[in-house]
Enquirer: 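Provided herewith is a single structure, encoded as structure tokens, for subsequent inquiry.
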Amino acid sequence: MKERILSGYDNFVLPFMIGMVFLCIYLLIGLIRILKHIPGPDRKKLALSFINPRIIYKDCRDILCDCLLHVKIFKRKALLGYMHASIAFGWFMIIVIGHIEVALYTPQRNGLIYYPVFFRYFTMENNHTLRGAFFFFLMDFFLLVILSGIALAMYKRVRSIALGMRRTTKPSLADRIGLYCLWAIFPLRLLAESFTAGISGGSFLTKPMNFLFANFLSNDYHILPTWWAYSTVLGTFLLVMPFTRYMHIPTEAFLILLRNAGLKVTRPRKGFAEAEIYACSSCGICLDACPMNMQKKNLKYSSVYFIRFLRRHNTRKINEIADKCLMCGKCVALCPVGVESCAIKRAQRSTVTDGLYYDYSYLKTLSPVPANPADVSETMTDKPVLYYAGCMTHLTPGISKAMKEIFRAAEIPYRFLDENGGICCGRPLMLAGKEKAARELVRKNTELIRAAGCDTLVLSCPICFKVFREEYDLQGITILHHTQYIENLIRKGKLKLNATSRSYVYHDPCELGRGAKVYEEPRRILERMGRLVKAEKEKEESICCGGSLGSLTLNYEDRIKITRGSLKALTYNHPDNIITACPLCLKTFAAQSPVKVMDIAQAVTENLEAIREPAASGTEKTQFGN
Amino acid sequence: MADFGYSLTPSSRIDLNKADRETFGKLVKLEPDVLKCMACGSCTASCTAGVYTRTSIRSAILYLQNGREKEALEFIKGCMLCGKCTIVCPRAINTRQLVLSICKIYNLK
């Protein structure tokens, strides 16, 4: 292997170099901008993360799995995963092998950016060696991998459902230019390398091309124009990249570093959020995920378009979408890049609502719950637990009644924090963006809970549960949702359930499932009571009930459509009952459901007989003895 | 003045010539549903904050319609946005957003 062009330069590298230099400058400025807008403590966290071996390991693993191999998409749909991974990983390998080739065969050209890209133009094989064969094989192999990915991508434009996507994003003009450039790069590379395959050597792809089209390809006059075309397309792609969705290629890796360092969204457009915005690949997986898209007219409210408008600084549209979102978190859970669009939407709402007037001076008048537990007898040895029903449970008193019965059946003393009316947990305010107001409620609630002096707090509402776990400082107090608590009681043998032949389907409330990752406890309880059937979509993919407090402006008619869609998915396997664990879901479903909807606590009390009968017979015995 | 144990009620007459109907018009444009309210009081009955203070969307809407913004705001300043009123509203008014919109448009401090 030796150099064919002694100067190591030809004019055709110019378009590529212009694109590359422009992109590098753009990225550098963007990097400085983001770092500048990250708050001081966060910047320190980021710096520290680079010396923490555990975080470094996590960074490397995430970059390999998410940016290059796209494991998350593979798990969802193998073909779609292959399409993304083939292009990303294949391209990455071509770049790496290109650099290895330069380092091995023409070490004097190390450091020239364009040299690895156009390596086969500048070198020639001398017939005595086959030293290049191994790397040429790899190069051709990965080129084939990429070409197969590109072919799939083209097919996806025509029939996206074949790759598991019902709907895809409508590309913007810049996206289209980028897309067509990307499609053209690799076929042109194949063509260009096929020309020189006779001179610089090639492998199973480029060599046969060279032979097959001998008449056309062996004509030396055609060599330069194809290399020019290849370089121009590549340069154009790099040049338009900052204005297209392909910006996610460099940004995603950077976002992983920021995320693993533990950074959070603080402002809707700057700092960490900016990294998230540019990391969005506009893939459109969130389109199928969004429960609002039961109706086609609501497609425009999807996270992908929200991010697009953020990039364009279109404030009116940004606010419209931010206020409409249900905050169910499904798009975040399914996003292959992990863009936390809900957090950005919350920050955006905050810019509008946080300054609005409020007056919570009445909080001072609230007094702690009476010190003696509501329902204690001397036989109870356990420490009392604190029960907080929450606003929504007061609209569905069946749940708190059921909880009381469960406490009684398990002989656990309890204190009911808001039996005669409490205050809100603060999560609805946070969802609406009123952080400052929410903090006042958080402070007051913390005070009330501390004053009650219990070390377990049981909650019936997942909305409260999430905020108590994440935003409250309640060290030393175990915070449990009632599904977890009941499951605990069953495991300890304090509650015994009748096994019935009824079939149940469980609806994962957004805040409990995706929000707090409680998926298994309710299912274990239901398996003890009857037959648990699957819903069409469940766990991470469960569909919002439509009643979510997250949305500010979604109207009643649209909500009803979501509720019906969600119910359709739940009743997929014809269950006898729909079980949920959220008072809001219960309330929303109950009005529309064809089958009976119950909270898990209510379902448990229905099947409690087994333990209460022995207790009853116990009293009879003593009566008999007397 | 002698204390009879009772007194005259202050006049509840509303001078709509003086009242600011323009701002209410803006609110109606943003939240047309405000006109759907039939003052049933479900929102007030279910209100979490209503246990401690005079929070009531129903009254706020009535007062706004009568051009008495200051009094109206008294009825919503304690709102915690818990959303119960929206769920119980028989006219499907998005009361939760209405509270935010009123605060936004009237911008009272």
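Throughout, a chain's letter reflects where its sequence line sits, starting with A, and its residues are numbered from 1. All heavy atoms count here, side chains included; hydrogens, waters and symmetry mates do not.
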Enquirer: Pick whichever of A:Tyr556, A:Tyr360, A:Tyr358 has the most heavy-atom pairs under 4.5 Å with chain B.
Expert: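 Of the candidates given, the most pairs with chain B belong to A:Tyr360.
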Enquirer: Given that the side chain runs from C-beta out, which part of A:Thr553 has a heavy atom under 4.5 Å from chain B: side chain, backbone, both or neither?
Expert: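 Both backbone and side chain.
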Enquirer: Spell out, as yes or no, whether a donor-acceptor pair under 3.5 Å connects the side chain of A:Thr365 to the backbone of A:Tyr362.
Expert: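 Confirmed, A:Thr365 side chain pairs with A:Tyr362 backbone.
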Enquirer: Is the A:Tyr388-A:Phe468 ring centre distance short of 6.0 angstrom?
Expert: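 For A:Tyr388 and A:Phe468, the ring centres are under 6.0 Å apart.
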Enquirer: Given that the side chain runs from C-beta out, which part of B:Cys89 has a heavy atom under 4.5 Å from chain A: side chain, backbone, both or neither?
Expert: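 Neither the backbone nor the side chain of B:Cys89 comes within 4.5 Å of chain A.
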Enquirer: Using a strict threshold of under 4.0 Å (side-chain N to carboxylate O), is an ion pair present between A:Arg439 and A:Glu471?
Expert: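 Salt bridge between A:Glu471 and A:Arg439, a charged N being under 4.0 Å from a carboxylate O: yes.
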Enquirer: What part of B:Thr48 gets closer than 4.5 Å to chain A, counting heavy atoms only: side chain, backbone, both or neither?
Expert: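 Looking at B:Thr48, backbone and side chain both touch chain A.
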Enquirer: Looking at A:Lys404 and A:Glu419, is there a salt bridge between them, counting it only when a charged N and a carboxylate O are closer than 4.0 Å?
Expert: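 A salt bridge is present here (some side-chain N lies under 4.0 Å from a carboxylate O).
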Enquirer: Quick check on the interface: out of A:Ile463, A:Asn555, A:Leu552, A:Leu366, who has the most heavy-atom pairs with chain B under 4.5 Å?
Expert: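 If we count pairs closer than 4.5 Å to chain B, A:Leu552 comes out on top.
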Enquirer: Should the pair A:Lys297-A:Asp558 be classified as a salt bridge under the 4.0 Å nitrogen-to-oxygen rule?
Expert: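 So A:Lys297 pairs with A:Asp558 through a salt bridge.
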Enquirer: Between A:Leu441 and chain B, which part of the residue has a heavy atom less than 4.5 Å away: side chain, backbone, both or neither?
Expert: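 A:Leu441 touches chain B through side-chain heavy atoms alone.
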Enquirer: Got a salt bridge between A:Lys300 and A:Glu320, using NZ or NE/NH1/NH2 to carboxylate O under 4.0 Å?
Expert: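 No, this pair does not count.
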Enquirer: Given the options B:Val51, B:Ile87, B:Thr55, B:Val99, which has more heavy-atom pairs under 4.5 Å with chain A than any of the others?
Expert: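 Among the listed options, the one with the most contacts to chain A is B:Ile87.
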Enquirer: Among the options A:Ile423, A:Asp323, A:Thr353, pick out the one with the most heavy-atom pairs lying under 4.5 Å from chain B.
Expert: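 Top count of heavy-atom pairs under 4.5 Å with chain B: A:Ile423.
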Enquirer: Check each atom of A:Thr588 against the heavy atoms of chain B and say whether the ones under 4.5 Å are side chain, backbone, both or neither.
Expert: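 For A:Thr588, no heavy atom lies under 4.5 Å from chain B.
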Enquirer: Taking the basic N atoms (NZ, or NE/NH1/NH2) and the acidic carboxylate oxygens, is any pair closer than 4.0 Å for A:Glu447 and A:Arg450?
Expert: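 No, A:Glu447 and A:Arg450 are not salt-bridged.
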